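Everything below concerns the one structure shown next.
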Amino acid sequence: MPKDTGRRREGPGRRSVEAAPGPAPRPLWRRIVRGILIWGSALALLGAIFLGTAVFMTARELPSFSSLQSSQNGQMIVVRARDGTELVSIGPSYGQWLPYERIPQVMKDAIVSVEDRRFREHPGVDPIGVARSVMVRVEKGRWRQGGSTITQQLARTIFLNNSRTFGRKIREGVLALALERKFDKNEVLELYLNKVYFGGGAYGIDAASRKFFGHPATELSTAEAAIIAGLVKAPSNYSPTADVEAAKNRGKVVLSQMAKAGVISYTDADTIDLDAVRIAKEKGQNSVRYFTDWALPQLDLLLPDTDEPIEVWTTLDPGMQRAATQAIDSNVPKGAQGALVSLDGDGAVRAMVGGTDYVNSNYNRATQAMRQPGSAWKLFVYLAALEAGYTPDDRVVDEPVTIGGWSPQNSGRTFAGEINVRTAFAYSKNTVAASLGNEVGFGTVASMARRFGITTPVATNPSMVLGTSEVRVIDMTRAFAAISAGGTSIEPYGIVKVTTTKGELLYQHKVEAGQVLVPPHVAAGITDLLQSAVATGTGRAAQIGRPVAGKTGTTSSNKDGWFLGFSSGITTGVWMGRDDARPVPGLQGGHAPASAFAAFMRTAVKGRPVKPFDTELKLPEWQLEPDDEQMSGSPDDYYYTDENGNLIQPGGAGRRGPNDGQPRYEDGTVGPGTPPGGDDQGGAPAAAGDDFLEQATGRQRQDDPALRRAPPMPGTYRPNPNSQQPVRIVPQLRPTPPPPYGQ
């Protein structure tokens, strides 16, 4: 069978026809490139549409220029002293907003030269800068050169954070394009120079100029502008207040970039002397910060939530603060720390020192440290004794005493014998304080301390009378200030008012009347004791040439030394010691702390009138001795107490009968017998006779040998006719006083 050749045979009347050859197929790589171009163009078109829509929508949502001008990244707080002078500026500082026309040209040239030389040419994102950054990334293996423009940095400052993610970079780019769509180049540069962070809390060139050079940005020189422009890259590394040399070296780089950009000559770049730039001394890094660290946290309780800049007017007196710092520095023993708190009569804190060096240690020993007060704690022991009925002239005995197995010793290991309360306090006799505390009750002493503002835990064991419970300096100073105020509570405060930078009042401190803590005669009595301690006792080093009342305190092994006192309405507490509670040789409250107190108080009370103390004891009726009682009204109105504690009214009521003239009890019943000197023959009620008055008032008849000697005071000795040793009179509790004031 013939083989098929794929051609048609030619039949009769037909021609032979062959298949025409087709076009040659395209190479594969061309098809791939063509596909990429088509799909790439489509995707680029879609991306452009998406980007354009995103930029358009973002630009519509952007705040207005005025809104961006007033927005802030955090709250600025300016702290002012009592006289209005600025103590410290805390938080972000924005300085004065400078319009584009007022910004020095050299500042604009410097920032553009070093941060974005093509600022005037790109639309917000610089493709060339991005490509250069990518090339560096490929060559070095990591990102070493940023491609962010000034507009992108502005977008990041206002709207974003500093996270290094592609998502943030995309949002940053969209925002930058939107910013340049909504604002022109000059407005963008104005926003940038007034809002970018330059370190040290300074946002904007005016805040940076004032912080680092001490003058407004309108006065910037070329060298100063170069230093400020160099801070943007790494504010913490190039801050003039942190590393002056690093800041100046970075400034030289900026001058070089300015020369390359043609805004200054190369000669100028080489001859400008950055070493001649004077860096302003940083404010606030001194003892003032102890005060601001204590006072400013109180704003959370005083103010509603607000982010606007505020000015805080405080009670601090700059002159007194300098004197306090100098007093501590000059008197604190080597290797020790010191703290001081000074309160005015209404509780205003006029000075506060929390340590010898705030930069090295910002731990505030005036408000945070808890230390044993030693004998300064005896303030509360003697307050409790005075309230229980003792007076400064009462007799006590300095002798060995044991309470619950505890035997206190005096500082000199000696005993003075019979002395009065005033002397025992002035010379800080431990045995007498222990006896008084045991008599009135250790719980009573602890309650007295609580009453006067001690907030730390207080023990009630016998040794607590010598100050073994830890306290804070500010609390002890507050207690002594209450004595200065006549026994009225004092609340320390440091903030007078808070205003916005525009002058709107946000808070005003109101001084409220304090609570009466002890009766006036108790306050007068303890003031008498405190004055004696300075005049003749352990606190003599605290004398300043005018009346001073105060008390020393020294703990075992000289670990803590205290002096607290007041004069002319100013109360000051001083503590010295080591943070590790190790002994300090020679540290006693009557030496270094008292000397520091005197050095400070001479300045603190200067110009104030001399204020004598009120130490006159105006005792209440329940505490008056019989000879001091004033009888008034009819004798029939006078009551006395029988041996069973019943109130008895002498005399009749003007009626006669079998019981007329007999003592009449309060409930109306009549007692047996005839009142002394009564008249049972009728007529007017009998007057009280001498015998009755002597019995009622406690007066002793001079003609009665058995009663001629007045009974000795509790806690003293009397001669013993049968022995050479005197007889110890057992202390008896005084009459029960009324409930404590303020309870």
Side-chain angles (χ1 to χ4, degrees), residues 371-388 390-392 394 396-398 401 403 406 408-412 416 419-454 456 458-471 473 475-480 482-483 487 517-518 522-523 525-540 542 549-556 560-566 573-575 588-590 593-594 715:
R371 304 298 292 250
Q372 292 182 349
S375 291
W377 183 265
K378 293 174 183 175
L379 172 79
F380 308 116
V381 178
Y382 281 81
L383 276 170
L386 291 171
E387 190 174 65
Y390 276 91
T391 68
D394 284 349
V396 290
V397 178
D398 175 22
V401 61
I403 303 172
W406 173 66
Q409 297 291 329
N410 292 324
S411 177
I419 54 178
N420 59 24
V421 170
R422 184 181 294 106
T423 302
F425 186 86
Y427 289 94
S428 200
K429 295 297 184 179
N430 292 337
T431 57
V432 175
S435 298
L436 292 175
N438 186 46
E439 181 178 343
V440 301
F442 304 116
T444 302
V445 176
S447 177
M448 183 66 71
R450 284 272 181 259
R451 200 189 307 177
F452 273 78
I454 300 301
T456 47
V458 179
T460 55
N461 54 298
S463 63
M464 64 90 69
V465 299
L466 302 186
T468 56
S469 299
E470 294 181 332
V471 295
V473 177
D475 287 346
M476 287 295 291
T477 308
R478 174 189 183 185
F480 276 76
I483 301 300
L517 303 177
V518 290
V522 174
I526 197 68
T527 302
D528 183 339
L529 302 184
L530 292 168
Q531 186 176 16
S532 299
V534 176
T536 62
T538 58
R540 291 189 297 273
K551 184 71 182 74
T552 59
T554 308
T555 60
S556 60
D560 303 90
W562 295 72
F563 188 88
L564 302 108
F566 50 87
V574 176
W575 166 87
Q588 287 96 21

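Keep in mind the model is a prediction, meaning the values are calculated, not measured.
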Legend entry - Any Pro408 side-chain heavy atom under 4.5 Å of Val401 side chain: yes
Legend entry - Nearest non-hydrogen partners of Glu470 and Thr456, listed with the distance: O-OG1, 2.7 Å
Inset, instruction - Taking the side chain as every heavy atom from C-beta outward, state whether Leu436 and Val432 have any atom pair closer than 4.5 Å. - result: yes
Inset, instruction - State, with a plain yes or no, whether a side-chain heavy atom of Phe380 is found less than 4.5 Å away from one of Arg450. - result: no
Legend entry - For the student: nearest non-hydrogen atoms of Gly589 and Thr554, plus distance: N-OG1, 2.8 Å
Legend entry - From Leu379 atom CG to Met476 atom CE, the distance as rounded to the nearest 0.5 Å: 6.5 Å
Legend entry - Student check: side-chain heavy atoms of Val396 and Tyr390 closer than 4.5 Å: yes
Inset, instruction - Report yes or no: does Gln372 contribute a side-chain atom to a donor-acceptor pair with the main-chain N or O of Thr468 at less than 3.5 Å? - result: yes
Inset, instruction - Would you give the length of the straight line joining atom CG of Leu466 to atom CD of Gln409, rounded to the nearest 0.5 angstrom? - result: 11.0 Å
Inset, instruction - Return the minimal non-hydrogen interatomic distance between Ala446 and Thr460, and the atom names on each side. - result: CB-CG2, 4.0 Å
Inset, instruction - Please report the closest heavy-atom contact between Gly550 and Ala533, naming both atoms and the distance. - result: O-CB, 3.4 Å
Inset, instruction - Give the C-alpha distance, both sets of side-chain angles, the deciding distance and a yes or no for side-chain contact (heavy atoms from CB on, under 4.5 Å) between Val574 and Leu564. - result: CA-CA 6 Å; Val574 176; Leu564 302 108; over 6 Å; no
Legend entry - Test item: Leu529 and Leu386 side chains (from C-beta on) under 4.5 Å apart, heavy atoms: yes
Inset, instruction - For the pair Tyr382 and Phe425, name the ring-plane relationship: parallel under 30°, tilted 30 to 60°, perpendicular over 60°. - result: perpendicular
Inset, instruction - Would you check if the side chain of Ser469 reaches a backbone N or O of Ala459 as a donor-acceptor pair within less than 3.5 Å? - result: yes
Legend entry - Point-to-point distance, once rounded to the nearest 0.5 Å, from OG1 of Thr527 to CZ of Phe566: 4.5 Å
Inset, instruction - Give the minimum heavy-atom separation between Val440 and Ala388, together with the two atoms involved. - result: CG1-CB, 4.0 Å
Inset, instruction - Look at the side chain of Thr555 and the backbone N and O of Asp560, then say whether any donor-acceptor pair between them is shorter than 3.5 Å. - result: yes
Legend entry - Contact check, side chains of Thr552 and Trp562, non-hydrogen atoms, under 4.5 Å: no
Legend entry - Audit row: Phe563, Val534, side-chain contact (heavy atoms from CB on, under 4.5 Å) steps and yes/no: CA-CA 10 Å; Phe563 188 88; Val534 176; 3.9 Å; yes
Inset, instruction - Establish, from distance only, whether the side-chain atoms of Asp394 and Asn420 form a donor-acceptor pair under 3.5 Å. - result: no
Inset, instruction - Give, for atom CG of Asn461 and atom CH2 of Trp406, the distance between the pair rounded to the nearest 0.5 Å. - result: 8.5 Å
Legend entry - Ala384 versus Thr444, closest heavy-atom pair with distance: CB-CG2, 4.1 Å
Legend entry - Short side-chain to backbone donor-acceptor contact, Ser532 and Ala426, under 3.5 Å: no
Inset, instruction - Answer with yes or no whether the side chains of Ser428 and Lys551 bring together a donor and an acceptor at under 3.5 Å. - result: yes
Legend entry - Validation row: Ile454, Val458 side chains within 4.5 angstrom (heavy atoms): yes
Legend entry - Straight-line distance of Gln531 CD to Arg422 CZ, nearest 0.5 Å: 9.5 Å
Inset, instruction - Please confirm whether the backbone N or O of Val473 pairs with a side-chain atom of Thr477, one donor and one acceptor, at under 3.5 Å? - result: yes
Inset, instruction - Look up atom CG in Leu383 and atom CD1 in Ile526, then write down how far apart they are to the nearest 0.5 Å. - result: 4.5 Å
Inset, instruction - Please answer whether the main-chain N or O of Ser447 pairs with a side-chain N or O of Arg451 as donor and acceptor at a distance below 3.5 Å. - result: no
Inset, instruction - Examine distances only and state if a side-chain atom of Trp377 and a backbone atom of Met464 form a donor-acceptor pair shorter than 3.5 Å. - result: yes
Legend entry - Under 3.5 Å: donor-acceptor pair, side chain of Asn410, backbone of Asn430: yes
